[in-house]
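If you're wondering where the values come from, they're calculated on a predicted model, not measured in any experiment.
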Amino acid sequence: MDPETHLALHRIRAAELRAQADAYRLAAEAEPPRGLRTRLGWTLVELGLRLATPRPAIV
């Protein structure tokens with residue numbers, strides 16, 4: 001393989017990888033924060049478990 005051909009292929013692949021990295025960074029930045037959503041979800045799970053757990057009758 002000619003060295004110039006090898007370098008051209010390398011440049012093309014490097015440009016593709018940079019574009020993928022940029023797309024990944026943009027997608028990661030656009031993702032909404034999940035802190036509140038996660039806490040609310042676990043609170044609802046805990047509430048459901050408390051409601052589903054049988055309690056001894058108070059006499």
Visitor: Report the residues that fulfil salt bridge (charged side-chain N to carboxylate O under 4.0 Å, His left out) with Arg18, sequence neighbours left out, ordered by chain and then residue number.
Guide: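 Salt bridge (charged side-chain N to carboxylate O under 4.0 Å, His left out) list for Arg18, sorted by chain: empty.
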
Visitor: Should Leu47 and Leu40 be regarded as members of a common hydrophobic cluster, given that ILVMFWY residues are connected when their side-chain heavy atoms come within less than 4.5 Å of each other, either directly or indirectly?
Guide: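 Per the 4.5 Å side-chain linkage, Leu47 and Leu40 are not co-clustered.
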
Visitor: Just verifying a value: how many Å separate His6 NE2 and Arg11 CZ, rounded to the nearest 0.5 Å?
Guide: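 It is 10.5 Å, given to the nearest 0.5 Å.
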
Visitor: Could you state the interatomic distance from CD1 (Ile12) to CG (Leu17), rounded to the nearest 0.5 Å?
Guide: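 That separation rounds to 12.0 Å.
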
Visitor: Using the salt bridge (charged side-chain N to carboxylate O under 4.0 Å, His left out) criterion, which residues pair with Glu46? Sequence neighbours excluded.
Guide: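 With sequence neighbours excluded, Glu46 shows a salt bridge (charged side-chain N to carboxylate O under 4.0 Å, His left out) to Arg50, given in chain and number order.
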
